[in-house]
Protein chains: 2
Amino acid sequence: MVVDQRSDAGLDRLFQAFADATRRDIVRRVTVGEYSVSGLAALYTMSFAAVQKHVAVLERASLVTKEKRGREQIVRANHEGLQRARRLLDEYEAIWRQRAERIADILAEN
Amino acid sequence: MVVDQRSDAGLDRLFQAFADATRRDIVRRVTVGEYSVSGLAALYTMSFAAVQKHVAVLERASLVTKEKRGREQIVRANHEGLQRARRLLDEYEAIWRQRAERIADILAEN
DNA sequence: ATAGCCTACAACCAAATGGTTGTAGATCAG
DNA sequence: CTGATCTACAACCATTTGGTTGTAGGCTAT
């Protein structure tokens, strides 16, 4: 009935952050190399402010960090967020496999 | 500049589906056992229609399937969706590790 | 010091989300 | 057949999301 409310807001933000192609692309890029916000903005057809917002969403989801360097803001990938998302999906996978085993056991009993 | 990204609507739907605690709970439950839509609805404080919508979101994201049985609609976990999401996160993880190796190599050169 | 970049942030808008209530069609139990 | 149950779906509402433009402030380079 009551669903784990506490840390769920973090997971909501995490998966919400992944639910946009532009944001997934940003995560990919900043994992490989360093980009300023404007460096990222140059990659897409949308406005600078729009990209800025996408980066903010990723930052709130712990998928990215920003660090001021001179007048630029450098965006870097944050492994924590990715790991957390992966752990959750791994949990689901584990549950699935348990179910598969249980079914196999039932069939084996016959 | 050009956003090569096949703006994968399927992935958008997938992660969007995970971005809600109720929906994550539904996925967990239907992986373990069988539930009708109303059986699921009984678990939460929200209305039947709201749960129905959540199930629809999960179905469109390929995380769940529905099958009519008498007057009920049985909801089952669909492994495909989960696998697809996991594969994407695994890709990101692989990119991260490549980066880590590359950095280690650069350090080793000195 | 001035001009030009980089960023932050506010205000606004359209569309999507997450919820509600209400209505109606199937199906099952008695 | 009648009534209860399960589902589907429409209409509505408030909030969030993803985008825009505009304004202002902090650095940098000349």
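Each chain gets a letter, A, B and so on, in the order the sequences are listed, and its residues count up from 1. Worth saying up front: this structure is predicted, and the values here are computed from it rather than measured.
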Please tell me which of the listed nucleotides, [options], lies nearest to the side chain of [X]?
{"X": "Ser38(A)", "options": "dT20(D), dC9(D), dC6(C)", "answer": "dC6(C)"}
{"X": "Val37(B)", "options": "dT7(D), dG26(D), dA8(C)", "answer": "dT7(D)"}
{"X": "Asp20(B)", "options": "dT7(D), dG19(D), dG18(C)", "answer": "dG18(C)"}
{"X": "Lys53(A)", "options": "dC6(C), dA4(D), dG18(D)", "answer": "dG18(D)"}
{"X": "His54(A)", "options": "dG18(D), dT20(D), dT27(C)", "answer": "dG18(D)"}
{"X": "Gln73(A)", "options": "dG19(C), dA8(C), dT7(D)", "answer": "dA8(C)"}
{"X": "Ser36(A)", "options": "dT20(D), dT7(C), dT20(C)", "answer": "dT7(C)"}

Mind checking [X] for me? I need base, sugar-phosphate or nothing, with any heavy atom below 4.0 Å counting as a touch.
{"X": "Gln16(A)", "answer": "sugar-phosphate"}
{"X": "Ser47(B)", "answer": "base"}
{"X": "Arg69(A)", "answer": "nothing"}
{"X": "Lys68(B)", "answer": "nothing"}

Query raised in the report: So, are Asp25(A) and Arg29(A) salt-bridged, with charged N and O less than 4.0 Å apart?
Result: yes
Requested in this report: Flag the pair Asp12(A) and Arg23(B) as a salt bridge only when some basic side-chain nitrogen lies within less than 4.0 angstrom of an acidic carboxylate oxygen.
Outcome: no
For atom [atom1] of [X] and atom [atom2] of [N], their distance in whole Å:
{"X": "Ile26(A)", "N": "dG18(D)", "atom1": "CD1", "atom2": "C1'", "answer": "13 Å"}
{"X": "Arg71(A)", "N": "dC6(C)", "atom1": "CZ", "atom2": "C1'", "answer": "6 Å"}
{"X": "Glu72(B)", "N": "dT27(C)", "atom1": "CD", "atom2": "C1'", "answer": "10 Å"}
{"X": "Met46(B)", "N": "dT21(C)", "atom1": "CE", "atom2": "P", "answer": "13 Å"}
{"X": "Arg60(B)", "N": "dA16(C)", "atom1": "CZ", "atom2": "P", "answer": "10 Å"}
{"X": "Glu59(A)", "N": "dC9(C)", "atom1": "CD", "atom2": "C1'", "answer": "14 Å"}
{"X": "Gln52(B)", "N": "dA26(C)", "atom1": "CD", "atom2": "C1'", "answer": "14 Å"}
{"X": "Ile74(A)", "N": "dC6(C)", "atom1": "CD1", "atom2": "P", "answer": "11 Å"}

Requested in this report: Measure up the Phe15(A) and Phe15(B) rings against each other and bin them: parallel (under 30°), tilted (30 to 60°), perpendicular (over 60°).
Outcome: parallel
Report task. Evaluate the ring planes of Trp96(A) and His79(B), with Trp represented by its six-membered ring, and classify them as parallel (under 30°), tilted (30 to 60°) or perpendicular (over 60°). Result -> parallel
Query raised in the report: Which of these passes salt bridge (Lys or Arg N to Asp or Glu O under 4.0 Å) with Lys66(B): Glu59(B), Glu72(B), Glu34(B)?
Result: Glu59(B)
**Report entry** Pairwise 5' ranking along DNA chain D for Lys66(B) and Ala50(A), keeping only the more 5' one
**Finding:** Lys66(B)
